[in-house]
Amino acid sequence: MEYAYDFGNTLKALRQKKNMTQTELGDKLGISKAAVSKYELGVATPPLDILRTLTSVLNVSLDYLCGTEQREKISVYNLTQQQIDMMTRLADIFREHNYSNNNQIMQNEYEILGEIVSELHK
């Protein structure tokens with residue numbers, strides 16, 4: 001059965017999953033909150049350069065973002081939900097670290113690494 005794909009709802013759900021506001025996502029994309037809102041409402045479609053940046057910011061493939069593939073880039077096969085959440089947080093932390101070009105490990109990076117070590121010792 002074919003389903004109706006809604007890019008705006010997918011974008012909104014992915015943004016919310018990352019606990020980002022429209023303003024925060026817009027800042028990461030170099031666009032306004034209003035533009036993000038238009039994408040989520042389906043009033044406008046983002047250009048390819050914005051789509052490519054969205055895939056990096058949201059950690060999904062372009063196929064996933066556009067509804068042609070319903071799985072994320074990183075396989076979470078055989079992981080617990082807690083492990084998936086930790087991997088996602090770790091990827092987000094590394095991405096933020098790379099954006100800031102900061103060579104020092106931040107406190108939140110130590111915290112997530114501590115959680116991973118703890119999980120591995122179970």
Side-chain angles (χ1 to χ4, degrees):
M1 180 175 171
E2 198 67 26
Y3 67 95
Y5 176 73
D6 186 333
F7 174 82
N9 281 336
T10 299
L11 176 59
K12 182 177 181 178
L14 289 167
R15 175 182 58 77
Q16 290 174 336
K17 184 178 177 183
K18 297 288 185 187
N19 295 314
M20 279 192 275
T21 64
Q22 289 180 338
T23 300
E24 290 169 333
L25 181 57
D27 289 346
K28 289 181 182 295
L29 299 172
I31 61 174
S32 68
K33 173 192 182 286
V36 174
S37 178
K38 287 179 183 180
Y39 299 156
E40 289 184 359
L41 292 172
V43 175
T45 303
L48 183 58
D49 62 323
I50 298 296
L51 287 171
R52 290 180 61 193
T53 305
L54 274 169
T55 63
S56 294
V57 170
L58 300 174
N59 192 34
V60 294
S61 69
L62 186 56
D63 285 335
Y64 182 86
L65 185 62
C66 294
T68 56
E69 179 181 303
Q70 294 301 311
R71 65 184 168 103
E72 297 184 8
K73 283 184 185 178
I74 299 172
S75 174
V76 294
Y77 175 75
N78 205 27
L79 296 180
T80 67
Q81 187 58 50
Q82 182 181 12
Q83 291 167 334
I84 293 168
D85 293 344
M86 281 191 287
M87 294 297 294
T88 302
R89 285 179 38 220
L90 182 60
D92 289 343
I93 289 167
F94 281 132
R95 194 171 298 102
E96 285 297 324
H97 182 82
N98 292 342
Y99 283 143
S100 69
N101 292 321
N102 186 349
N103 292 327
Q104 295 180 333
I105 295 180
M106 305 302 283
Q107 181 62 35
N108 57 349
E109 291 170 325
Y110 279 117
E111 290 171 8
I112 189 68
L113 290 173
E115 288 181 36
I116 291 169
V117 170
S118 177
E119 180 70 16
L120 293 174
H121 280 91
K122 286 183 180 179

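- When hydrophobic clusters are built by joining Ile, Leu, Val, Met, Phe, Trp and Tyr residues whose side-chain heavy atoms come closer than 4.5 Å, directly or via intermediates, Leu58 is grouped together with Leu62.
- Looking at Lys18 and Glu24, no side-chain N of the basic residue comes within less than 4.0 Å of a carboxylate O on the acidic one, giving no salt bridge.
- Here the CG-CG distance, from Leu29 to Leu54, works out to 4.5 Å after rounding to the nearest 0.5 Å.
- In this structure, the separation between CZ on Arg89 and CE on Met86 is 8.0 Å, given to the nearest 0.5 Å.
- Formation of a donor-acceptor pair under 3.5 Å by the Thr68 side chain with backbone atoms of Asp63 is found in this model.
- In this structure, the side chains of Ile50 and Tyr39 come closer than 4.5 Å at one or more pairs of heavy atoms.
- Between Leu90 and Ile116, the shortest heavy-atom contact is CD2-CD1, 3.5 Å.
- Leu51 places a side-chain heavy atom less than 4.5 Å from the side chain of Phe7.
- When all heavy atoms of Leu79 and Met87 are compared, the pair lying nearest together is CD1-CG, 4.4 Å.
- Formation of a donor-acceptor pair under 3.5 Å by the Thr88 side chain with backbone atoms of Ile84 is found in this model.
- In plain terms, the two heavy atoms of Lys33 and Thr23 that are nearest each other are CD-OG1, 3.4 Å.
- Between the CD atom of Gln16 and the CG atom of Leu11 there is a distance of 9.5 Å, given to the nearest 0.5 Å.
- Here the closest heavy-atom approach between residue Thr55 and residue Arg52 is recorded as OG1-O, 2.6 Å.
- Summarising the geometry of Glu40 relative to Lys12, their closest heavy-atom pair is OE2-CA, 3.5 Å, with the distance given to 0.1 Å.
- Atom CD of Gln22 sits about 10.0 Å away from atom CD1 of Ile31, to the nearest 0.5 Å.
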